[in-house]
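These numbers come from a predicted model, not from an experiment.
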Amino acid sequence: MNKQKVLEQCNAYTKNTLMETLDISYVDVGDDFLVAKMPVTPKVHQPDGVLHGGAMVALAESVGSAACFVFLDTENFMIRGLEISANHVRSLSEGDVFATAKFIHKGRTTQVWDIKLTDSEDRLISAVKLTTIALPKAK
């Protein structure tokens with residue numbers, strides 16, 4: 001795997017999407033993980049000045065979906081999200097939030113992702129589980 005090429009491809013796909021709107025970028029990849037980063041600014045705050053839970057879920061689903069592109073056969077299959085659940089355990093009002101996606105289950109049809117959102121000091125902000133499905137592309 002060419003790490004730089006994978007990150008460039010993931011970041012290229014964010015143009016004119018929600019990921020670009022939220023300033024999400026892909027910053028690290030390995031044999032079994034993908035990491036994305038989102039700056040915590042007033043653009044992603046709730047009215048009381050802390051990171052919005054919906055923005056956290058959007059970050060988590062974005063990194064999970066991008067990880068599907070990296071680790072699954074997207075030439076022959078389209079990947080869709082089935083379910084996402086998040087437990088927000090800490091608030092954050094500034095800095096960056098990082099999301100790391102790793103497989104819990106990598107089946108032929110369904111996949112389950114563990115996505116941890118952390119701050120710059122590696123403190124857990126949110127624990128997310130994403131379930132995806134691989135559907136054959138029409139030929």
Side-chain angles (χ1 to χ4, degrees):
M1 167 189 304
N2 181 325
K3 180 177 175 174
Q4 191 61 36
K5 184 176 180 179
V6 169
L7 293 173
E8 286 173 5
Q9 287 177 327
C10 287
N11 284 309
Y13 285 122
T14 67
K15 302 299 181 213
N16 299 314
T17 67
L18 177 66
M19 287 74 72
E20 184 176 58
T21 300
L22 297 177
D23 296 321
I24 293 171
S25 60
Y26 300 95
V27 296
D28 197 12
V29 64
D31 291 337
D32 67 347
F33 69 90
L34 180 65
V35 180
K37 176 178 83 165
M38 182 176 70
V40 180
T41 65
K43 181 165 49 171
V44 294
H45 281 174
Q46 304 184 80
D48 67 352
V50 297
L51 180 57
H52 192 289
M56 287 190 273
V57 171
L59 171 60
E61 186 153 0
S62 297
V63 74
S65 295
C68 289
F69 170 77
V70 173
F71 298 111
L72 299 173
D73 175 7
T74 56
E75 184 175 324
N76 296 304
F77 294 89
M78 57 184 172
I79 311 298
R80 297 292 183 258
L82 288 178
E83 180 181 18
I84 191 165
S85 64
N87 291 285
H88 308 309
V89 297
R90 180 184 295 269
S91 61
L92 190 61
S93 59
E94 61 185 11
D96 293 312
V97 61
F98 298 86
T100 302
K102 293 183 177 184
F103 278 113
I104 294 173
H105 167 73
K106 185 180 177 183
R108 287 186 313 248
T109 304
T110 60
Q111 305 79 41
V112 182
W113 296 90
D114 175 50
I115 304 168
K116 298 286 190 258
L117 277 64
T118 57
D119 65 11
S120 297
E121 296 177 26
D122 205 32
R123 294 179 295 196
L124 184 65
I125 304 300
S126 186
V128 180
K129 184 178 80 171
L130 172 65
T131 304
T132 56
I133 186 168
L135 301 169
K137 288 184 177 178
K139 301 245 179 185

Participant: Could you name each residue pair satisfying ring pair (Phe, Tyr, Trp, His ring centres under 6.0 Å) that touches residues 54-76, not counting sequence neighbours?
Facilitator: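 Found Tyr13-Phe69.
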Participant: Show your working on side-chain contact (heavy atoms from CB on, under 4.5 Å) between Arg90 and Ile125 and close with a plain yes or no.
Facilitator: CA-CA 5 Å; Arg90 180 184 295 269; Ile125 304 300; 3.6 Å; yes
Participant: Quick one: pull up CG in Asn11 and CD1 in Ile24 and give me the separation to the nearest 0.5 Å.
Facilitator: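 Nearest 0.5 Å value for the CG-CD1 distance: 10.5 Å.
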Participant: Do Val63 and Val35 have side chains that get closer than 4.5 Å, going by heavy atoms?
Facilitator: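 No, their side chains stay 4.5 Å or more apart.
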Participant: Evaluate the side-chain proximity of Thr100 to Thr118: yes if any heavy-atom separation is below 4.5 Å, no if none is.
Facilitator: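 Not touching, per the 4.5 Å side-chain cut-off.
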Participant: What are the two closest heavy atoms between Asp23 and Lys43, and how far apart are they?
Facilitator: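 So the minimum-distance heavy-atom pair works out to OD2-NZ, 2.9 Å.
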Participant: Flag the pair Val44 / Leu22 as yes when at least one side-chain heavy-atom distance between them is below 4.5 Å, and no otherwise.
Facilitator: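 SC-SC contact between Val44 and Leu22 confirmed.
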Participant: With heavy-atom distances below 4.5 Å as the criterion, would you say the side chains of His88 and Val57 are in contact?
Facilitator: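 SC-SC contact between His88 and Val57 confirmed.
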Participant: Enumerate the ring pair (Phe, Tyr, Trp, His ring centres under 6.0 Å) contacts for residues 108-130, please, sequence neighbours excluded, ordered by first and then second residue.
Facilitator: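 Residue pairs with at least one partner in residues 108-130: Phe103-Trp113.
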Participant: Does Arg80 have any side-chain hydrogen bond (donor to acceptor under 3.5 Å, both in side chains) partners at least two apart in sequence or in another chain, and if so, which?
Facilitator: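 Counting only residues at least two positions away or on another chain, Arg80 forms no side-chain hydrogen bond (donor to acceptor under 3.5 Å, both in side chains).
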Participant: Does anything in residues 28-39 pair up under salt bridge (charged side-chain N to carboxylate O under 4.0 Å, His left out), and if so which pairs, sequence neighbours excluded?
Facilitator: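 For residues 28-39: Lys3-Asp28.
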Participant: With the side chain counted from C-beta on, respond yes when Val112 and Lys129 share a heavy-atom pair under 4.5 Å apart, and no when they do not.
Facilitator: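 Of all side-chain heavy-atom pairs linking Lys129 with Val112, at least one is under 4.5 Å.
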Participant: How close do Ile79 and Cys68 get, counting heavy atoms only, and between which atoms?
Facilitator: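 Closest approach of Ile79 to Cys68: CG2-SG, 3.4 Å.
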Participant: Could I get the full list of ring-ring contact (aromatic ring centres under 6.0 Å, His included) partners for Phe77, not counting sequence neighbours?
Facilitator: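 Expected list: none.
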Participant: Can you tell me which residue pairs pass the salt bridge (charged side-chain N to carboxylate O under 4.0 Å, His left out) test with a partner in residues 91-114, sequence neighbours excluded?
Facilitator: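 Sorted result for residues 91-114: Asp114-Lys116.
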Participant: Is there a side-chain contact between Val6 and Tyr26 (heavy atoms, below 4.5 Å)?
Facilitator: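 No, their side chains stay 4.5 Å or more apart.
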